[in-house]
Amino acid sequence: MKKTKNALWFFGIMLIISSFTSCNEDDNLSGPDTVSDLVAYPGRNRVKLMFNAPVDATHGRVFYGKGNFYDFSIDRSEPTQSLIVEGLPEQEQIIRVVIFNADSVTSDPKGVKIKIFGDRYQGSLSNRTLITQSTLSPTSIDMIFGNAKEDEVEVRVIYKNSSSQNDSTIVPRGQNTITIEDIDLSESYYYYTVYTPEPESIDYFYTPRLDAKIAAMQNFEKVKWLIADFSDENPGSDGVWGLSANIIDNDAKTSWHSMNGEMPHFITVDMQSDKLMNGFYFVQTQDLNVRDLAKRFKFETSVDKQNWT
């Protein structure tokens, strides 16, 4: 019995020693700490990750989607690690980061949720509304836009200047009117709208560019029209009854009346800038006391006041 007790006691000591030895071996194989301060910034089918890695980390792996991963090395020259993972589908993603030490022992994963943007978001965007344009001179214009849309950053206008060089200007989100000087209005000019889905997105999204010159030529700016020339006019007893200016005053109750004389009578309207048109509306006088109405018409247009079509 005595020998048996000694043997049991000795065996108990061996178990304790063995237990301590196992604990020490497990400590030697423990992995590095997880990354800290993990932040994700969305982009166009990609994400930018920033985090701090523990001092014993040598490399790492980013997991995303269904079994996809991206390997990276720790850059010890930088206090904060920064990397971009490309090729992500447009959807909400959970990104997980693990790092390894020199023994290739891995840490626990650190995760972050992020929404990725792509063609679907791009297709939902539209240009800010161009309300009107005003030609100030042969080389300057005002462009007036509506209010900025959700997620909008700015509007960009691209054009050629008077030196035939490509140029551009920006209409900030909180601004509606821009004056562009030194623009060659004989050339086409365009605008498009810039968006960002989130304030800290790493990518911008752009709408298709629109031809602003065509839009300008479809805006007739009638208040700026001038009577450049006319054959004759009949001011009437009140001095304004049949003046040539009545033909463009936006009042159908007034009219231009010629004096009795040799045909034809003509009037020339200077529209101040090139316009795009496909027809005319002509309103006869609404004065019931006038018997003689215009019967034959000829409309001509010119861009140089010399050659008429």
May I ask you to check whether [X] and [Y] show a side-chain donor-acceptor distance below 3.5 Å?
{"X": "T139", "Y": "D182", "value": "no"}
{"X": "T179", "Y": "D142", "value": "yes"}
{"X": "Q272", "Y": "T135", "value": "no"}
{"X": "D56", "Y": "N101", "value": "no"}
{"X": "T207", "Y": "N127", "value": "yes"}
{"X": "D211", "Y": "Y189", "value": "no"}

Is there side-chain contact between [X] and [Y], with heavy atoms separated by less than 4.5 Å?
{"X": "N176", "Y": "N147", "value": "yes"}
{"X": "Q81", "Y": "M50", "value": "no"}
{"X": "Y191", "Y": "L130", "value": "yes"}
{"X": "V47", "Y": "P42", "value": "no"}
{"X": "D151", "Y": "F205", "value": "no"}
{"X": "Y195", "Y": "Q122", "value": "no"}
{"X": "T193", "Y": "L125", "value": "no"}
{"X": "S36", "Y": "N52", "value": "yes"}

So if you build clusters from Ile, Leu, Val, Met, Phe, Trp, Tyr with side-chain heavy-atom gaps below 4.5 Å, do [X] and [Y] land together?
{"X": "I158", "Y": "I178", "answer": "no"}
{"X": "L83", "Y": "V39", "answer": "no"}
{"X": "L185", "Y": "L136", "answer": "no"}
{"X": "I144", "Y": "I141", "answer": "no"}
{"X": "Y206", "Y": "L210", "answer": "no"}

Apply the test side chain to side chain contact (heavy atoms under 4.5 Å, CB included) to residues K222 and N250: give CA-CA distance (whole Å), side-chain angles for both, the deciding distance (0.1 Å), then the verdict. CA-CA 9 Å; K222 194 173 180 181; N250 271 343; 3.0 Å; yes
Please determine whether the number of non-hydrogen atoms from other residues, nucleotides or ligands lying under 6.0 Å from atom [atom1] of [X] exceeds 12.
{"X": "K149", "atom1": "NZ", "answer": "yes"}
{"X": "R96", "atom1": "CZ", "answer": "no"}
{"X": "E200", "atom1": "CD", "answer": "no"}
{"X": "E150", "atom1": "CD", "answer": "no"}
{"X": "F266", "atom1": "CZ", "answer": "yes"}
{"X": "D304", "atom1": "CG", "answer": "yes"}
{"X": "D292", "atom1": "CG", "answer": "no"}

Side-chain hydrophobic cluster, 4.5 Å single linkage: members besides F299: F220, W225, I227, F230, I247, I248, W256, I267, V269, M271, M277, F280, F282, F297
Show which residues join W241 in its hydrophobic cluster (side-chain heavy-atom contacts under 4.5 Å, direct or indirect), or state none. V290
So, taking the atom named [atom1] in [X] and the one named [atom2] in [Y], what distance separates them when rounded to the nearest 0.5 Å?
{"X": "S162", "Y": "I183", "atom1": "OG", "atom2": "CD1", "answer": "10.5 Å"}
{"X": "D33", "Y": "S107", "atom1": "CG", "atom2": "OG", "answer": "8.5 Å"}
{"X": "L88", "Y": "Q93", "atom1": "CG", "atom2": "CD", "answer": "5.5 Å"}
{"X": "I214", "Y": "D274", "atom1": "CD1", "atom2": "CG", "answer": "12.5 Å"}

Of all the heavy-atom pairs spanning [X] and [Y], show the shortest one and how long it is.
{"X": "S201", "Y": "T196", "answer": "CB-OG1, 3.2 Å"}
{"X": "I99", "Y": "A57", "answer": "CD1-CB, 3.7 Å"}
{"X": "K213", "Y": "S186", "answer": "NZ-O, 2.7 Å"}
{"X": "E90", "Y": "Y121", "answer": "OE2-N, 2.9 Å"}
{"X": "A102", "Y": "T58", "answer": "N-CG2, 3.8 Å"}

With ring centroids as reference points, do Y190 and Y159 lie under 6.0 angstrom apart? no
Residues T309, E300; criterion side chain to side chain contact (heavy atoms under 4.5 Å, CB included); working and verdict: CA-CA 5 Å; T309 302; E300 296 180 312; over 6 Å; no
According to ring pair (Phe, Tyr, Trp, His ring centres under 6.0 Å), who are the partners of [X], at least two apart in sequence or on a separate chain?
{"X": "F100", "result": "H59"}
{"X": "Y41", "result": "none"}
{"X": "F51", "result": "F72"}

Salt bridge or not for K160 and D184, using N-O below 4.0 Å? no
For K275, is there an ion pair with E221 - N to carboxylate O distance below 4.0 angstrom? yes
Would you please test E86 and Y70 for side chain to side chain contact (heavy atoms under 4.5 Å, CB included) and show each step? CA-CA 9 Å; E86 307 273 0; Y70 170 81; over 6 Å; no
Over-ring placement of R209 relative to Y192, 6.0 Å and 45° cut-offs: no
Going through the checks in order, is the side chain to side chain contact (heavy atoms under 4.5 Å, CB included) test met by R128 and E152? CA-CA 9 Å; R128 201 198 299 192; E152 182 186 319; 2.7 Å; yes
Pairs meeting criterion salt bridge (Lys or Arg N to Asp or Glu O under 4.0 Å) with involvement of residues 243-270, two or more places apart: D251-K253, D270-K305
Exactly one candidate in V112, V85, L38 meets side chain to side chain contact (heavy atoms under 4.5 Å, CB included) with I95; the answer is V112
Only one of K48, R44, R46 passes side chain to side chain donor-acceptor pair (under 3.5 Å) with D203; say which it is. R46
